[in-house]
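Proteins get letters first, then strands, A, B, ... in listed order; numbering begins at 1 in each.
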There are 2 protein chains.
Amino acid sequence: MTETRWLDDDEQETWRAFLWTSRLLGEALDRQLQRDSGMPHAYYMILAMLSEAPDRRLTMTELAAIVHSSPSRLSHAVNRLEEAGWVRRARHETDRRTTIAELTDAGYAALAEAAPGHVAEVRRHLFDPIDRERMLAFRDTLHSLLESLDPDRRAPCAPGEG
Amino acid sequence: MTETRWLDDDEQETWRAFLWTSRLLGEALDRQLQRDSGMPHAYYMILAMLSEAPDRRLTMTELAAIVHSSPSRLSHAVNRLEEAGWVRRARHETDRRTTIAELTDAGYAALAEAAPGHVAEVRRHLFDPIDRERMLAFRDTLHSLLESLDPDRRAPCAPGEG
DNA sequence: CGGTTATTCTTGAACTCTCAACTATTAGGG
DNA sequence: CCCTAATAGTTGAGAGTTCAAGAATAACCG
């Protein structure tokens, strides 16, 4: 046990600003999606990532890595999404352990309908308030943080339509 | 309804980087606190904010604003914290509607014991990976976002020992 | 004053997430 | 080959959050 090095004032302010920003932004997006499309943001993300995959199919493990979810969380979520008719489970051809999650047409339609409102909300809260230069610096900093948080680089931040 | 303006590649990358960063960081902190101190981060924050208040007391409304919580969430949380003996509810002198939440000595002790490990985790994930210059730029960007997300500026990011 | 409105806080139900435990299947090593 | 270990996924219980509803009190205002 070494002596604790406390946060100085600048660090304190940075940390709390990050905390409130991610909290408020997350809540704003959850509220908008829940209200307008009846799904939480985590579920939207699952549909979005599936929609970008080849044949709109991914194994549970692949999907969990992409949306940064625990296996358990994803399994529960897919249960709900299946009940809603937006996702379907299928068997893997050769490995009988693995389950494949597949976006249904209804799921694609729900995603397509939800997307505009969601993107507008992201733009309003995340991109309207800052100019492009600051956005790019912000992105670089986030990538540095991610590298430390997720050393295995499981998940891409690359483009799609989410 | 106007035509949707989708996110371009840089925006997409920025948005996802922010999403995963806040998700992973939040989960890391929750896990550390839950494991080492038996409380989720939201509860730690409540104790921390109370500890910085005059007499370690705040009304529920004040506290909710400071920790960016809904009244309901805070009420449930204080129920648990009261069961744990870390917080006590008291009456307001003149306004019988308002409840005052007060940090107990046991609560202060729990906070003091949890703090070093928590701060270490914040430092490890948030400050070790980036230098001071980028941290300050990061902070400024977050403040811009906060201004849009929280126009009433309800909550301070100013220093304390949280 | 008296009635409406706003504020403060709490509750219960529904839902999501976490964690630990568990099943089933495949891969590895003597 | 067989036994162990690793991988893939699911489940149930417990805990936290959200939302809508409601109770109590205070403030407003004609």
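Taken to the nearest 0.5 Å, the CE atom of B:Met135 stands 10.0 Å off from the CG atom of B:Asp140.
Considering only side-chain atoms of B:Tyr43, the nucleotide from D:dT17, C:dT8, C:dT26 that sits closest is D:dT17. Comparing C:dT18, C:dA6, C:dT25 against the side chain of A:Arg73 picks out C:dT18 as the nearest. Considering only side-chain atoms of B:Arg80, the nucleotide from D:dA15, D:dA6, C:dA20 that sits closest is D:dA15. Nearest to the side chain of B:Arg97, among C:dA6, C:dT10, D:dT10, sits C:dA6. Distances from the side chain of A:His76 to the nucleotides D:dA20, D:dA26, D:dT11 place D:dT11 closest. Between D:dT7, D:dA26, D:dT18, one nucleotide has an atom nearer to the side chain of B:Arg96 than all others, and that is D:dA26. Considering only the side chain of A:Ala42, C:dC17 comes nearest among C:dC19, C:dC17, D:dC19.
Comparing A:Glu27 and A:Val78 along DNA chain D, the residue whose closest nucleotide (by nearest heavy atom) sits nearer the 5' end is A:Val78. Toward the 5' end of DNA chain C, the nearer of the two residues B:Ile100 and B:Arg31, judged by each one's closest nucleotide, is B:Ile100.
Contact between the side-chain N/O atoms of B:Ser72 and the OP1/OP2 oxygens of C:dT10 is not found at any separation under 4.0 Å. Taking only side-chain nitrogens and oxygens, A:Ser70 never comes nearer than 4.0 Å to OP1 or OP2 of C:dC17. Regarding contacts with the backbone of C:dT16, every side-chain N or O of A:Asn79 stays at 4.0 angstrom or more from both OP1 and OP2.
When heavy atoms are screened at a 4.0 angstrom cut-off, A:Thr98 is found touching the sugar-phosphate backbone but no base atom. Residue contacts shown for B:Arg89 are limited to sugar-phosphate atoms, with no base heavy atom under 4.0 Å away. Among the protein residues, B:Ala77 comes within range of no part of the nucleic acid, since none of its heavy atoms lies under 4.0 Å from any strand. Among the heavy atoms of the strands, none lies under 4.0 Å from A:Glu62. Looking at heavy-atom distances under 4.0 Å, B:Asp30 makes no contact with the nucleic acid at all.
Look at CG on A:Leu29: it is 16 Å from C1' on D:dT18, rounded to the nearest Å. Residue A:Met60 contributes atom CE, which lies 9 Å from atom C1' of D:dT10 at whole-angstrom precision. Protein atom CE of A:Met45 is 14 Å distant from nucleotide atom P of C:dC17, rounded to whole Å. One atom, CD of B:Gln34, and another, C1' of C:dC19, lie 10 Å apart when rounded to the nearest Å. Atom-to-atom, CG of A:Leu58 to P of D:dA8 comes out at 14 Å; the value is rounded to the nearest Å. At whole-Å resolution of the value, CG in B:Asp95 and P in D:dA27 are 6 Å apart. Remark: P of C:dT18 and CG of B:Leu33 are 15 Å apart, rounded to the nearest angstrom. Regarding A:His92, its NE2 atom lies at a distance of 15 Å from the C1' atom of C:dA24, rounded to whole Å.
With hydrogens and angles disregarded, a donor-acceptor distance shorter than 3.5 Å links the side chain of B:Thr104 to the backbone of B:Trp86.
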Test salt bridge (Lys or Arg N to Asp or Glu O under 4.0 Å) applied to A:Glu11 and B:Arg132, step by step: CA-CA 9 Å; A:Glu11 288 168 335; B:Arg132 194 140 201 109; 3.7 Å; yes
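Side chains of A:Asp30 and A:Gln34: no donor on one and acceptor on the other come within 3.5 Å.
Judged by the 6.0 Å and 45° rule, A:Arg80 forms no cation-pi pair with A:Tyr43.
Proximity of the aromatic rings of A:His118 and B:Trp6 is defined here by a centroid distance below 6.0 angstrom, and this criterion is not met.
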